[in-house]
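Report on the structure given below.
Because the structure is a prediction, the values reported are computed rather than measured. Reckoned from all heavy atoms, side chains included, excluding hydrogens, waters and symmetry mates.
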Amino acid sequence: MAQEWSSEAGTGYREQGQGNLAGGRSQAADAGGAALDAGAARRSPYLFALLPLRVFLGITFVYAGLDKLTDSSFLAASGGGSIGDLMRSVRDSAAIPGLVDLALKSPVGFGYAIAFGELAVGLGMLFGLLSRLAAVGGALISLSLWLTVSWQTTPYYYGNDLAYLMAWLPLVIAGAPVFSLDALIRRARQRRGDGAAQQMGSFVG
């Protein structure tokens with residue numbers, strides 16, 4: 001009889017201990033979740049900090065690309081306002097004349113490449129698709145134009161290509177964490193990963 005009572009008491013103590021342990025884990029999980037929510041709330045302004053810059057650069061580069069593609073005088077090897085005459089005018093003052101010589105081998109092709117590159121970069125930033133890659137493309141376009149077209153501008157802060165280059169760098173680092181297709185794709189992958197982990201856990205259990 002005493003043995004039965006001892007066994008039942010032991011079982012009760014174990015169940016009570018397990019309940020306390022589960023309750024403690026639940027409280028810890030709730031506290032951890034609250035801390036994460038608070039941390040996310042504190043970080044939220046920083047997630048939106050680059051959004052104005054992203055929208056500005058996206059609109060500007062889309063406009064610049066469309067402006068070039070619809071300007072027949074620009075997409076020409078020679079003549080007033082042409083890409084060919086522009087490249088020849090900056091050849092001797094460029095930081096890397098070899099880049100200008102390369103463009104002059106096919107000035108019309110170079111003009112189309114710049115225009116379509118600006119359009120692709122701008123759309124990528126506006127939609128937030130492959131945003132870091134788009135930002136790298138924008139930085140490279142701005143760098144090439146700074147080393148060629150606007151290199152001779154003095155003082156340097158009068159030239160806009162260097163400013164655009166610096167504006168692209170934060171987006172190269174951070175990408176487009178909000179209001180973007182990249183964020184939607186990332187969340188979809190996380191949900192699939194969580195679902196797969198739950199299925200694996202139920203199978204193992």
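Listed for the S142 side chain is no donor-acceptor partner under 3.5 Å among the backbone atoms of A139.
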Practice task
Apply side chain to side chain contact (heavy atoms under 4.5 Å, CB included) to the pair L129 and I185, showing each step before the final yes or no.
Solution key: CA-CA 9 Å; L129 180 62; I185 294 171; 4.2 Å; yes
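Partners of L140 under the side-chain contact (heavy atoms from CB on, under 4.5 Å) rule, at least two apart in sequence or in another chain, are V136. For the side-chain contact (heavy atoms from CB on, under 4.5 Å) test, residues two or more places apart in sequence or in another chain that qualify with A77 are P107, V108. The side-chain contact (heavy atoms from CB on, under 4.5 Å) search around L133 returns L130, not counting sequence neighbours. Applying the ring pair (Phe, Tyr, Trp, His ring centres under 6.0 Å) criterion to F179, with sequence neighbours excluded, gives F48. Scored by the side-chain contact (heavy atoms from CB on, under 4.5 Å) test, A113 finds no partners at all (sequence neighbours excluded).
Smallest separation of non-hydrogen atoms from L104 and G84: CD2-O, 3.8 Å. Taking both residues in full, the closest heavy atoms of S180 and P177 are given as OG-C, 4.3 Å, listed atom of the first, atom of the second, then distance.
Within the 4.5 Å cutoff, the side chain of I59 has no heavy atoms near those of the V62 side chain. Side-chain atoms of S93 and V90, non-hydrogen and from C-beta on, do get closer than 4.5 Å to each other. Taking the side chain as every heavy atom from C-beta outward, R54 and L126 never approach each other to under 4.5 Å.
By the 4.5 Å side-chain criterion applied to Ile, Leu, Val, Met, Phe, Trp and Tyr, I173 is assigned to no cluster and stands alone.
For residues 67-111, there are no ring pair (Phe, Tyr, Trp, His ring centres under 6.0 Å) pairs, not counting sequence neighbours. Residue pairs that meet the side-chain hydrogen bond (donor to acceptor under 3.5 Å, both in side chains) test with at least one member in residues 70-81, sequence neighbours left out, are D71-S73. A side-chain hydrogen bond (donor to acceptor under 3.5 Å, both in side chains) check over residues 120-140, counting only residues at least two apart or in different chains, returns the pairs S131-D182. Identified under the side-chain hydrogen bond (donor to acceptor under 3.5 Å, both in side chains) test for residues 100-127, with sequence neighbours left out: K68-E118, R91-D101. Residues in residues 75-87 take part in these salt bridge (charged side-chain N to carboxylate O under 4.0 Å, His left out) pairs, two or more places apart or across chains: D85-R88.
L184 is connected to L171 through a chain of hydrophobic side-chain contacts under 4.5 Å among Ile, Leu, Val, Met, Phe, Trp and Tyr, so both are in one cluster. Cluster membership check: L53 shares its hydrophobic cluster with V121, using side-chain heavy-atom separations under 4.5 Å among Ile, Leu, Val, Met, Phe, Trp and Tyr. Residues Y63 and L145 fall into different hydrophobic clusters, defined by Ile, Leu, Val, Met, Phe, Trp and Tyr side chains chained together at heavy-atom separations under 4.5 Å. Note: the hydrophobic cluster containing M125 also contains F127 (ILVMFWY, side chain heavy atoms under 4.5 Å, direct or indirect links). L143 and L86 sit in two unconnected hydrophobic clusters of ILVMFWY residues. Membership requires side-chain heavy atoms under 4.5 Å apart, directly or through other members.
Residue F116 holds its CZ atom at 9.5 Å from CG of L66, rounded to the nearest 0.5 Å. Here the CZ-CD distance, from R187 to Q190, works out to 8.5 Å after rounding to the nearest 0.5 Å. A distance of 10.0 Å separates CE of M87 from CG of L99, quoted to the nearest 0.5 Å.
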Show which side-chain atoms of residues 156-164 pair as donor or acceptor with protein atoms under 3.5 Å away, not counting sequence neighbours.
{"unit_1": "D161", "atom_1": "OD2", "unit_2": "S150", "atom_2": "OG", "d": "2.9"}

